[in-house]
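Residues take their numbers from the sequence shown, with the count starting at 1.
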Amino acid sequence: GWSPSWSSLVPIQASGTKPPLFLVHGAEGNVLLYRDVARHLGPDQPVYGLQSQGLNGDEPLNVTVPEMAAHYVTEIQTVQPHGPYFLGGYCLGGTVAFEMAQQLTAKGEKVELVVLLETYNNCAVNHRTIPFQTAVHGLQNLWFHFANAASLRPGDFWKFLSQKFDIELARLKLRLNPSRYPHVRLTAVNDQAADQYLPKRYVGRIAVIRPRAHFAGLASPSLGWDRSVESGLDVHQLPVYPRGMLIEPFCRVLAETIARCLRSGKPN
């Protein structure tokens, strides 16, 4: 009669003496993308992931960013009841982390840092429609993958392309058999939640970690967050093209950048 419990909170690296870093899932809902960067942050840095409710196909979905944030705030407080908090996430995950910071601050908790990894402020970036935008972005995506690979040594070149091929093949399998995988519906729900989210002005420290280029129609040095952050906004540009910062060997550079942000944001 035993049934497993479901938690959004996943201990990626639970040991360490430093304050934990909580990283929120991207649009696909899982936290496997943070494995390598957690390893590069070192054994003394605890890292927890927050995976989507409903990822197992049974639990009801959170359909708005505030709903997701409220659920994840409750879960991280089982590990760390009070601040200062260090939050972050990739793409949609950064947006949810931003809203978590808003909710924690409203409760009177201290949020020391929010790290936004290639996360656009969707209500502020220039989403002007360009001709054949979907096709253009698809071609740019391919170009960015090969540009990232071309910047590497021969051994890393093939390793990077192999990882990207495996990721894209897995996504194709999901799209071809959506009824078998809850991730497909989850991605659509998460994308819609991001598009509908209107961030309030935030007073606190935000670190935007961005790639060296951008997709057509999405040009903004701060990825649009200068419109929503009153002070404390830092932008860090990595020597990597879009969609590559969490793939080896680039995630080592990402981890070094995150570590610098965490050190400079440490509470006294």
Set of residues satisfying side chain to side chain contact (heavy atoms under 4.5 Å, CB included) with respect to [X], sequence neighbours excluded:
X: Arg35; result: Leu32
X: Pro242; result: Glu118, Phe144, Pro211, Ala213, Phe215
X: Leu33; result: Asn30, Tyr90, Leu246

Next item on the list: Not counting sequence neighbours, list each pair that qualifies as a ring pair (Phe, Tyr, Trp, His ring centres under 6.0 Å) and has a residue in residues 7-57.
Entry: Phe22-Tyr48, His25-Tyr72
Item checked: ring pair (Phe, Tyr, Trp, His ring centres under 6.0 Å): pairs with one or both residues in residues 93-112, sequence neighbours excluded ->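 Only Phe98-Tyr202, Phe98-Trp225 qualify under ring pair (Phe, Tyr, Trp, His ring centres under 6.0 Å).
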Notebook entry, point to check: Going by distance alone, is a donor N or O of one side chain under 3.5 Å from an acceptor N or O of the other, for Ser7 and Glu75?
Noted result: yes
Next item on the list: Say whether Ser264 and Arg205, considering side chains only, have a donor N or O and an acceptor N or O under 3.5 Å apart.
Entry: yes
Check: What heavy-atom pair brings Leu23 and Gly89 nearest, and what distance separates the two atoms?
Finding: CD2-N, 4.1 Å
Next item on the list: Looking only at non-hydrogen atoms, find the nearest pair between Leu55 and Gly29 and report the distance.
Entry: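 So the minimum-distance heavy-atom pair works out to CD2-O, 3.7 Å.
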Next item on the list: Report whether Val79 and Leu50 are members of the same hydrophobic cluster (ILVMFWY, side-chain heavy atoms less than 4.5 Å apart, transitive linking).
Entry: yes
Checklist line | Hydrophobic cluster identity match, Leu139 and Phe146, side-chain contacts under 4.5 Å | finding: no
Note to self: Under the side chain to side chain contact (heavy atoms under 4.5 Å, CB included) test against Cys251, which residue among Asp36, Ile258, Val240 passes?
What the structure shows: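 Exactly one pass, corresponding to Asp36.
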Check: His82: what forms a side chain to side chain donor-acceptor pair (under 3.5 Å) with it, not counting sequence neighbours?
Finding: Glu109
Next item on the list: Report the C-alpha separation of Tyr85 and Glu112 in whole Å, then their side-chain angles, then the decisive distance to 0.1 Å, and conclude whether the side-chain hydrogen bond (donor to acceptor under 3.5 Å, both in side chains) test is met.
Entry: CA-CA 6 Å; Tyr85 291 101; Glu112 192 65 40; over 6 Å; no
